[in-house]
Protein chains: 2
Amino acid sequence: MAKSTTPNKAAAVRQRGVTMNDVAKHAGVSRTAVSFVLSNRENASISEETRTRINDAVQALGYRPNAGARALASQRSDWYGLVTEIVTAPFAVDIIKGAQDQAWLDRRFLLIAPSDQADAVGPNKGLEDAAIEKLLEQRVEGLLYAATFHRGVHVPQSANEVPTVLINCFDADGKLPSIVPDERAGGRVAVERLLQAGHTRIGIINLDPVIPAAVGRLEGAREALAVAGLELDPELVVSGYATADGGYEAACRILDRYPQQDRPTALFCLNDRMAMGAYDAIKERGLTIPGDIAVIGFDNQELIAAYLRPKLTTVALPFQKMGALGVQTLAALTAGQPIIADQQLVDCPLLERSSV
Amino acid sequence: MAKSTTPNKAAAVRQRGVTMNDVAKHAGVSRTAVSFVLSNRENASISEETRTRINDAVQALGYRPNAGARALASQRSDWYGLVTEIVTAPFAVDIIKGAQDQAWLDRRFLLIAPSDQADAVGPNKGLEDAAIEKLLEQRVEGLLYAATFHRGVHVPQSANEVPTVLINCFDADGKLPSIVPDERAGGRVAVERLLQAGHTRIGIINLDPVIPAAVGRLEGAREALAVAGLELDPELVVSGYATADGGYEAACRILDRYPQQDRPTALFCLNDRMAMGAYDAIKERGLTIPGDIAVIGFDNQELIAAYLRPKLTTVALPFQKMGALGVQTLAALTAGQPIIADQQLVDCPLLERSSV
DNA sequence: GGAATTTGATAACGCGCGTTACTTGGAACG
DNA sequence: CGTTCCAAGTAACGCGCGTTATCAAATTCC
C-alpha cells in the first residue's frame, strides 16, 4: 500500500468539534444570536426565551469556544509572553508563579519562553531573539522579561513592538518600565532588627560589591546604623563568593580576627547560602545561634532558611509580588493607561524565624 | 467629553501588522504563492526567481506569520497544555524546564495552567477543571499533567478529549500513560554505593511508609542488601516527618539506640531535607561525615545537597528528563504512533559528592 | 390610522492563512 | 501543425468567530 492511501488514522478520526453554527442550528437561531449571547453584549436585543434556548444548546452540545478563532476575529489575544532565564535556572521561579496567578485572575494566558541572557555569548546566543520572535508570532499583547537576579539587562529590539515590562531587572540602555526589589529598604530592615535585639557590633558578609543587590543592601545597612548613631566599620565588612563555602570562609575570617570581647555579636549575611556557611563556622567554634552570635540572611531561599537549625531569620525577596505586579503593570500598559512609575520598588519583608 | 467619543488612543493607533497579502503585493505575486514559499511545500512549482523575490519581500516588510490564523486554517495548533501544581509549589520546577526545553526543540509551545490537586477540597476546588477547560479552548493538541511528588492522581474527565500524559504521578483510576521515577532502582543504587564503601550496618531514615517514594526506595534498599547476602533489619529503619527536623529527630533516635560498636556506620536518608537534619545530629555528637558516619540522601535538592558541608552524595530525581520524556511521549501520541509502555520508569542517577 | 420608533433577530463581510481546483503559456511529441 | 503535457502560478473556498448593517414585526406616538 502506498503511503498516501493510508492517512494517519488518529488524525483522520479526530472529530471537528462543535462550533457556533452547530449551537445555532440546535437552538434554531442564527449564529449571530449565539455570538451575542455568549459574549453577552449589553446592547444586544435578544429575548430571554431564546437566550435560554441558546444556553441550553451550548450545554447540550458541550460547546467550547475556539480561542484562536476568537482572537483572529477580535484582533485581541488575551496572551502575554514571559521571557525568562528562570526556566533555565529556577532560582527565582516564584516570579513565574506570581505572574501566572495574576494572569489567571485577569483571565489571560502566559506564554513562557526560554531566555539565556545569562550566557548571551554562549552556544545559545540568539535563543532569546528567537523566543521573542515566536511570542510575537503568537500575537502576545505584551511582554514580561524576568531575570534570576537583580541586574541591568539589554532587551532585544523586537521587544519594542509591544508593551514590555521588566521584572527583577532594569533596562540598561532604554526606558522600559521595571519592577525591582527595594534592596536598600531590605538592608535597612535587616540591620534595624539586629539593632533592636541589642547588637551594635555587626559583621557584614558581603556579596560581590558591584552588583545592585550588594550596593543596595549595604547602603540600607549604613542608613540603619546612621539612624542609631553608629557608623559602618569597613573592617567588619568582608566579601566572599555567594555560596555556602564562601560564607563559611568569610565568617571564619571575621570571627577569628578579633579577641572575644571585640568580636561581632551578629552577622548580616547578604544571602542565605552564605548564611548557611556562616552557621557552620559559628557552630565549629562552639558558639551558639542566636545566643552567642545572631545571624540574619537575605533572599529567603525556603529550602535553606526554613530548614537550617535554628531556622534562619532573613529578608525575603518578593518574587511572587514582583511577578504579579509585572502582569498588572502590563495590563495597564496594554489598556493604554499611564503607569505609576518607570521603576517600581517592591518591599522586602523581614521574616522572623529563630536566628536572631 | 463623553467616554465614547474618545476611544483609547493606544489601541486605535496600533497598526495592523503586515500580512501575507502585503507581502504578495510587494512581490507582485499572489498570496497563494507566498503561502507556498513560506511553508515550503515540496510539490509546489515556484520558480527560483519568484521564490527569492518573495523572500526578499518578507525581509523588506518584516513580515511575521500569524500563528493563530495559521492554526485556524490548518486545524493544528502546535500547542501542548501543561497542568501542574508545580506553579503553586515549585518543588519540582525542573519538570517545567525539561518539558519546556523539549517543546522548544520540537517547535511547540507549552501553555502552562495552574492546578491544585493537592488541596482538591480546599478553596480552589474546581480551579483544575477550569484550567483544563481553558487549555482545551486554546485547542491544545495534548495535555501534560504533572505532580510535585510521586503519587496517584485523579485526572478530570475533560482531559480525555485529547491525548494526555502524566508526569511524576500515575492515573489512580484509568489507563493514562505516565512517566515516573524508578524509585526502586534509586534505592538500590544508594545502598549499593554504601555497601561498596564497606558499610554493612546501614540505618535508614524513612518517609511516611505508605507513599510510593518510600515503598519503592525501601524495596530497592532491600534488594541491594539481599544481593550482598544481608537482610534489612527492621530496627534500623526509622520513620519521621519529611523535614530537616524530622530527619534530625530520627537520626538522634537511631544513633543513640546502640552502643558505639553496634551503631550504624552509614545513614540512608530517603530525602535530602531529612539528611540535612541528620547532619546536625551527627555533628552534634562529635562525629564526622563521612569518616564516622556516611550519609546518602535522595532527591538532589540542589540548594541543600550542593551546599551542605560536606556536600551531600545523593540520588537525583530526574525531573528534567521526566518533563522532556513527557513531551516526547505526547508528541508520539498526537502523531498517532504507539507508545513504548503505559508506565515509563526513568532512572534516578547517583550523584557522588563528599558524604560517603 | 398612518408614521415613527423599538424589539428581536439575521445576512454578510472580514480576520490571516492553508489548501484545492483551475488556468495559462510554452515545450515536447507524433 | 494539432495534441499532450508540464511548469508556474492563481482564484476561490473555508477555518470559527466578531461585528456591522439591515430587516421584519411589534409597539408607540401624534
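Here is how names work: the chains are called A, B, and so on, in the same order as the sequence lines, proteins then strands, and each is numbered from 1.
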Just N and O in the side chain of [X]: are any of them under 4.0 Å from OP1 or OP2 of [N]?
| X | N | answer |
| --- | --- | --- |
| A:Arg70 | D:dC17 | no |
| A:Ser35 | D:dG18 | yes |
| B:Gln75 | D:dG16 | yes |
| A:Ser30 | C:dA11 | no |

**Request:** List the steps and the verdict of salt bridge (Lys or Arg N to Asp or Glu O under 4.0 Å) for A:Asp171 and A:Lys175.
**Result:** CA-CA 6 Å; A:Asp171 191 0; A:Lys175 293 208 161 66; over 6 Å; no
Interatomic distance, [X] [atom1] vs [N] [atom2] [rounded to whole Å]:
| X | N | atom1 | atom2 | value |
| --- | --- | --- | --- | --- |
| B:Asp78 | C:dG18 | CG | P | 11 Å |
| A:Gln138 | C:dC17 | CD | P | 13 Å |
| A:Leu136 | C:dG16 | CG | P | 16 Å |
| B:Lys25 | D:dG9 | NZ | C1' | 18 Å |
| A:Glu49 | C:dG8 | CD | P | 11 Å |
| A:Arg139 | C:dC17 | CZ | P | 7 Å |
| A:Asn66 | D:dC15 | CG | P | 12 Å |
| B:Phe36 | D:dT10 | CZ | C1' | 9 Å |

Do [X] and [Y] have a side chain donor and acceptor closer than 3.5 Å?
| X | Y | result |
| --- | --- | --- |
| B:Asp106 | B:Gln102 | yes |
| A:Glu85 | A:Tyr145 | no |
| A:Gln344 | A:Thr329 | yes |

**Message:** Once you apply a heavy-atom cut-off of 4.0 Å, does A:Val34 come out as touching a base, just sugar-phosphate, or nothing?
**Reply:**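 If one applies the 4.0 Å heavy-atom cut-off, A:Val34 turns out to touch nothing in the nucleic acid.
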**Request:** For A:Ser39, report the nucleic acid contact type (base, sugar-phosphate, nothing); a contact means any heavy atom under 4.0 Å.
**Result:**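 The answer is nothing, as A:Ser39 stays clear of every strand by at least 4.0 Å.
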**Asked** Mapping A:Ala69 and B:Thr32 to their closest nucleotides on DNA chain D, which lands nearer the 5' end?
**Response**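 By nearest-heavy-atom nucleotide position, the 5'-most residue is B:Thr32.
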**Request:** Classify the side chain of B:Ser45 and the base of D:dA8 as holding, or not holding, a donor-acceptor pair under 3.5 Å.
**Result:**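 By the distance-only test, yes, there is a pair.
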Looking at [options], which one has an atom nearest to any side-chain atom of [X]?
| X | options | result |
| --- | --- | --- |
| A:Leu72 | D:dT19, C:dT19, C:dC15 | C:dC15 |
| B:Arg31 | D:dG16, C:dG18, D:dT19 | C:dG18 |
| A:Arg41 | D:dG16, C:dA9, D:dT19 | D:dT19 |
| A:Ser74 | D:dC17, C:dC17, D:dG18 | D:dG18 |
| A:Thr19 | C:dG16, C:dT19, D:dC17 | D:dC17 |
| A:Pro65 | D:dG9, C:dC17, D:dC17 | D:dC17 |

**Asked** B:Phe109 and A:Ile112: which non-hydrogen atoms are nearest, and at how many Å?
**Response**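 Scanning both residues, the minimum pair turns out to be CE2-O, 4.1 Å.
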**Prompt:** What heavy-atom pair brings B:Glu141 and B:Pro163 nearest, and what distance separates the two atoms?
**Reply:**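 Closest approach of B:Glu141 to B:Pro163: O-CD, 3.4 Å.
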